[in-house]
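In what follows, a structure is listed as structure tokens, so that the remarks can point back to it.
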Amino acid sequence: MSPTLPSHDKLATPVGTTLERYIMRKQAEFPFATGELSQLLRDLALASKIMVREVSRAGLSGMGEVVEAEGQPTAPRHRLGEEAHIRFVRALTNGRECCAILSEAREEIIDTGNHDGKYVVALNPMNGSVSLDFNVSTGTIFSIYRRVSRYGGPARAEDFTQGGRAQVAAGYILYGSSVMLVYTTGHGVAGFTYEPSLGEFFLSHPRLTIPARGAVFSCNEGNWFDFPEFARTFLTTCKQRRYTARYVGSLAADFHRNLFTGGIYLYPPTGEWPSGKLRLLYECYPIAFISQQAGGLAVAGATEVLDVPPTADLHQRVPLFVGSADLVRELQAVAG
Ligand code: F6P
């Protein structure tokens with residue numbers, strides 16, 4: 001008997017668009033694009049693939065351990081968070097398009113030595129790392145700017161403080177039940193799912209949009225008695241309407257879920273974090289850019305997150321309310 005071949009239908013199914021092909025196709029749509037930004041996106045994808053391997057082995061390899069960060073003895077970090085920092089810095093440095101990096105894992109700007117590079121990258125290499133030991137979803141969040149400092153020399157702080165609307169690209173990688181890379185260059189939001197057996201990201205969500213209204217709220221309710229009055233009033237209404245509470249405690253994961261279901265993520269000021277907890281440059285700006293491109297809204301109070309002026313503190317924290325536009329506006333109305 002001859003061996004059974006896969007059915008014609010199965011063979012006829014196209015393998016799909018890889019991230020690589022998608023990036024090239026998009027680049028070709030811009031006549032003056034020179035490919036540098038595309039290379040940067042590839043570098044980020046490469047580092048994320050290495051991290052996919054490490055995250056999936058975290059339980060076996062002791063990656064949840066707390067370690068001393070290189071040159072930062074006062075800031076103990078999870079080994080996996082530290083490894084993510086090193087991997088992303090290395091990939092961006094080797095790719096040569098990125099002149100400097102601002103990482104959540106380091107106080108100072110990192111000079112990659114690529115002084116002819118036109119771009120700088122701000123990133124949180126591994127958010128939600130407090131939950132790493134427990135197999136909970138984590139993420140990498142990034143934001144890309146074209147530098148304003150002179151090419152040929154080192155980058156300056158002003159390259160990172162151009163404001164949210166100057167971002168040329170932003171995205172996140174979510175290490176969850178499957179791994180996804182979601183990014184925007186200001187022309188909508190595309191999502192790619194990682195196929196581990198092929199080692200490739202495939203386009204799975206060509207145009208992600210967030211439902212205008214949702215019935216999910218995501219916040220750390222343990223802070224209830226520290227929340228400002230308007231946040232408690234808004235959340236009480238959500239509960240009266242029998243909305244669903246969902247909170248992972250990793251911004252990329254919470255935002256990603258709400259992007260699909262509709263909903264709102266809140267991190268208001270609290271007693272411990274009077275200015276909010278999340279970082280403007282590498283958490284709030286990129287998530288706000290993606291949310292805007294997906295039809296959602298991100299505010300830090302009365303102001304849209306993308307319009308919050310950055311201060312000289314590159315690790316500045318702000319409050320964050322992001323998700324379905326109608327819900328975010330309702331929260332703003334309660335805040336007055
Ligand atoms: O990066 C900060 C962060 O870990 C976010 O990813 C997350 O949403 C939030 O802090 C969780 O904070 P908390 O543990 O206070 O709920």
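Order of appearance sets the numbers: ligands from 1, and atoms from 1 within every ligand. Heavy atoms only: backbone and side chains are in, while hydrogens, waters and symmetry mates are out.
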Inset, instruction - Over 60° means perpendicular and under 30° means parallel, so classify the ring planes of Tyr183 and Phe192, tilted if in between. - result: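 Plane angle under 30°, so parallel.
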Which residue and non-hydrogen atom of the protein lie closest to [atom], and at what distance in Å?
| atom | value |
| --- | --- |
| atom 7 (C) of ligand 1 | Gly249 O, 3.3 Å |
| atom 11 (C) of ligand 1 | Tyr247 OH, 3.2 Å |
| atom 14 (O) of ligand 1 | Lys277 NZ, 3.8 Å |
| atom 3 (C) of ligand 1 | Leu278 CD2, 4.0 Å |
| atom 6 (O) of ligand 1 | Leu251 N, 2.9 Å |
| atom 8 (O) of ligand 1 | Tyr265 OH, 2.7 Å |

Legend entry - The single option from Leu314, Ile110, Asp159 passing side chain to side chain contact (heavy atoms under 4.5 Å, CB included) against Leu102: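 Output: one option passes, namely Leu314.
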Inset, instruction - Identify the residue among Arg279, Glu283, Glu104 that makes a side chain to side chain contact (heavy atoms under 4.5 Å, CB included) with Asn127. - result: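 Per the side chain to side chain contact (heavy atoms under 4.5 Å, CB included) rule, the option paired with Asn127 is Glu283, out of Arg279, Glu283, Glu104.
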State the atoms of ligand 1, each with its element, that fall below the 4.0 Å cut-off from a heavy-atom position in [X].
| X | result |
| --- | --- |
| Asn220 | 13 (P), 15 (O), 16 (O) |
| Glu283 | 1 (O), 2 (C) |
| Tyr267 | 12 (O), 13 (P), 15 (O), 16 (O) |
| Asn127 | 6 (O) |

Legend entry - Backbone N/O of Ser218 and side chain of Arg257: donor-acceptor pair under 3.5 Å: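 Pair absent, no side-chain N/O of Arg257 close to backbone of Ser218.
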Inset, instruction - Check whether the side chains of Ser38 and Gln27 place a donor and an acceptor atom closer than 3.5 Å, and report yes or no. - result: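 Indeed, the side chains of Ser38 and Gln27 share at least one donor-acceptor pair under 3.5 Å.
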Inset, instruction - Would you kindly say whether Ser197 and Glu195 are connected by a side-chain donor-acceptor distance under 3.5 Å? - result: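 Checked: Ser197/Glu195 side chains pair up, N/O donor to acceptor below 3.5 Å.
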Inset, instruction - Answer whether the closest heavy-atom distance between the side chains of Ser143 and Leu281 falls below 4.5 Å. - result: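 They are not in contact (no side-chain heavy atoms under 4.5 Å apart), so the answer is no.
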